[in-house]
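Notes to accompany the following structure.
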Amino acid sequence: MKGSLHLYNSLTRRKEEFKPINEGFIGLYVCGPTVYSDVHLGNCRTFMSFDMIYRFLLKFGYNVRYVRNITDVGHLLDDGEDRISKGARKDKLEPMEVVQKYTNGFHDMMDIFNTLRPSIEPRATQHIIEQIEMVQDILDNGYAYVENGSVYFDTTKFAEETGKYGKLSGRVIEDLLAESRDNLKNQSEKKHPSDFAIWMKAAPEHLMKWNSPWSEGFPGWHLECSAMSTKYLGKTFDIHGGGNDLKFPHHENEIAQNEGACGCSPCNYWLHTNMLLMNGKKMSKSDGNTISPEELFSGDSPHVSKGYSPMVIRFFMLMAHYRSTVDISDEALQAAEKGYKKLMEAGRSLKQLEAHSAEAGKIDEQINSISQSAFDDMCDDFNTPKALSRMFELVNIINSLKGGQLDSKELSSRGLETLKQTYSSFIYDIFGLKNDLVDNDQSKYLDGLMNLVIDIRQSSREKKDWDTSDKIRDVLKELKIQLKDGQSGTDWTIDG
RNA sequence: GGUCGGGUGGCCGAGUGGCUAGGCAGAGGUUUGCAAAACCUUGUACGGCGGUUCGAAUCCGUUCUCGACCUCCA
């Protein structure tokens, strides 16, 4: 399939045609999690969005280097303490134990949500040398100053000389001056409130610190992404992504650092995913407006009436555009669950379909047109809700062929092949969905058993022994297995 | 207060000048031994008020309202 890819660039605030720096290759950097506690659902949404984007870029034919970092140092809390250090003290663990524990948890959750692993997953603490070098470059270029062992980025000077500070987030430096809080740590050391630390001198009790030309300390939070993206993708690469809430100050400062260090902008396209809401508000741990992935799976939360499978959640998120907020609610999840099942059932039915015609008929045309449309939708800034709606058009065709409402003579074997390919390409490869209700190791036993049961029930029905056949149906129903009698025999589905 | 983004039928959610997605729920029908599933039909939707236009949910103005960021956040 052919098309040109357009994506919404947060920097220019409009859709632009995507042109890679090197034909056929894409450098993609996404800001990963800070591993100081269990992943929360909001993070999952962001990484599922970028997973979908990564998958589509691959499908489009690009060779993608997908870099997603792990932040394991340098993230300050309000009181100035490192998040990892704080976690270490709390759990009586080595900082690196904290990091490992939550990194493992993060990876497990990403697997559960069926996301592809990034090509490189660099950690901040493994790139202290690169970060120190970048601080030095920024100092050498005159965009930073040393104060009492810490190094601060000089935003005023950078803004005056380049005019590039605040461009991404639409901020003006004078406004920042007026609005900044004055209770930040080390505020007095800064020349300007909007200046930010690129190297911090560590307090004696600080657990994670390294030697540097300026002090024994640790790198500023924003610096790691600048240093690691440069290292693995080059000074200027194609796409940088992250959650909307990272736009300011994180991404804004990243741009400043890269510009300050090498005089070039870090990337050509900025992609930002929108927030996951609950009850109309951003999901966040601090105010209790949150539900963990585990709670959502088990249903053990006042926010949901039952549990939802990981794939239902993934499907639910794909139903909204990545740049829109998603408000999670029990009602919406229930609707998503039904839609998801319908989609998966059609996938199973599709396997059994047969085409008899050698010549392309009307249905062939429809399939070709829907396939192309779905591809075009994805090319238009990854419009998953629209592309998904095309999939439901395919579902309708599949079910109609199966049910006999559509004449399979109108479909050539080649058309059927296209249908199967399109379906699997979008549902499994691009959207990253899988049938988590039946696709597991036990499914072959279950299939065999069910075939037997269905066979026995069919015999009863032929003898008009409704008592037996209805009993089989009712008992299975209690076991959450639903039988579906169709024209071409009986099917079944797990009704979780 | 500053910056940015929303408000679409009962719910979720695309669309962004005329062709009026899709899912869920509801109604009627076909099918079925009965159901379920599937299929078919069915929706006076675009926050309010003005304006531009032959024509606006879509553009402009204004107003109300919700949210995000401005402090760590995906």
Side-chain angles (χ1 to χ4, degrees), chain A residues 10 13 30-34 36 39-50 71 75-79 83 166 169-172 174-176 178-181 183-185 194 221 241-250 252 272-277 280-286 315-316 319-321 323-329 331-343 345-346 349 373 377 380 383-393 395-396 398-400 402-406 461 464-466 469-470 473-474 477 482-487 490-493 495:
Chain A
S10 307
R13 298 202 179 94
V30 174
C31 290
T34 304
Y36 65 99
V39 241
H40 81 109
L41 249 194
N43 297 48
C44 296
R45 142 101 133 150
T46 294
F47 300 128
M48 274 193 260
S49 293
F50 282 107
T71 296
H75 229 153
L76 293 181
L77 298 168
D78 271 356
D79 61 5
R83 292 202 150 176
S169 57
R171 255 154 261 254
V172 186
E174 288 76 29
D175 294 343
L176 291 171
E179 294 152 16
S180 270
R181 283 202 198 168
N183 60 351
L184 290 173
K185 186 168 167 71
S194 67
W221 169 41
N244 216 201
D245 49 357
L246 293 182
K247 245 190 217 170
F248 189 88
H250 185 59
E252 195 68 74
H272 286 98
T273 57
N274 217 134
M275 297 294 102
L276 179 65
L277 312 181
K281 293 245 159 76
K282 180 180 170 181
M283 199 179 270
S284 103
K285 274 186 189 169
S286 50
F315 174 83
F316 168 70
M319 293 232 298
H321 189 92
R323 279 192 290 115
S324 302
T325 51
V326 177
D327 199 344
I328 202 164
S329 69
E331 209 182 355
L333 282 168
Q334 280 188 33
E337 183 172 60
K338 291 197 178 168
Y340 164 76
K341 280 184 181 168
K342 191 171 177 179
L343 206 54
E345 284 309 308
S349 306
S373 299
D377 294 333
D380 182 16
N383 197 329
T384 54
K386 217 171 165 185
L388 262 177
S389 80
R390 313 286 187 194
M391 293 305 113
F392 279 101
E393 289 175 29
V395 167
N396 187 254
I398 293 166
N399 287 337
S400 298
K402 186 186 172 197
Q405 289 88 358
L406 277 178
R461 293 180 74 203
K464 297 200 192 298
D465 178 5
W466 308 129
S469 69
D470 287 356
R473 186 175 66 193
D474 295 344
K477 177 104 182 148
Q482 190 189 76
L483 292 181
K484 304 197 294 193
D485 295 328
Q487 213 183 41
T490 300
D491 246 343
W492 59 277
T493 171
D495 195 15

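Only heavy atoms go into these numbers, but all of them, side chains included; no hydrogens, no water, no symmetry mates. Letters A, B, ... mirror the listed sequences (proteins, then strands); counts begin at 1.
The separation of B:A36 from B:G43, taken at their P atoms, amounts to 24 Å, rounded to a whole angstrom.
Nucleotide B:C39 is matched to B:G29 when pairs are restricted to Watson-Crick or G-U wobble geometry with both distances under 3.5 angstrom.
A:Asp470 contributes a side-chain N or O that forms a donor-acceptor pair with the base of B:G33 under 3.5 Å. Scanning atom types as modelled, no donor and acceptor separated by under 3.5 angstrom connect the side chain of A:Arg390 and the base of B:A21. Taking only distance into account, the side chain of A:His272 never meets the base of B:A74 through a donor-acceptor pair shorter than 3.5 Å. No donor-acceptor contact under 3.5 Å links the side chain of A:Asn274 to the base of B:A68. Between the side chain of A:Arg473 and the base of B:C34, a donor-acceptor pair under 3.5 Å is found.
As judged by a 4.0 angstrom heavy-atom cut-off over every strand, A:Lys281 is placed among residues touching the sugar-phosphate backbone only. Within the nucleic acid shown, A:Leu276 comes within 4.0 Å of at least one base atom, counting heavy atoms only. Within 4.0 Å of A:Met48, counting heavy atoms only, lies no atom of the nucleic acid at all. A:His250 comes within 4.0 angstrom of nothing in the nucleic acid, heavy atoms only.
Listed for the A:Asp377 side chain is no donor-acceptor partner under 3.5 Å among the backbone atoms of A:Asn383.
Between A:Lys338 and the phosphate of B:A25, there is a side-chain N or O to OP1/OP2 separation shorter than 4.0 Å. OP1 or OP2 of B:G15 sits under 4.0 Å from a side-chain N or O of A:Asn383.
With the nearest nucleotide of RNA chain B identified for both A:Leu388 and A:Met319, A:Met319 has the one nearer the 5' end.
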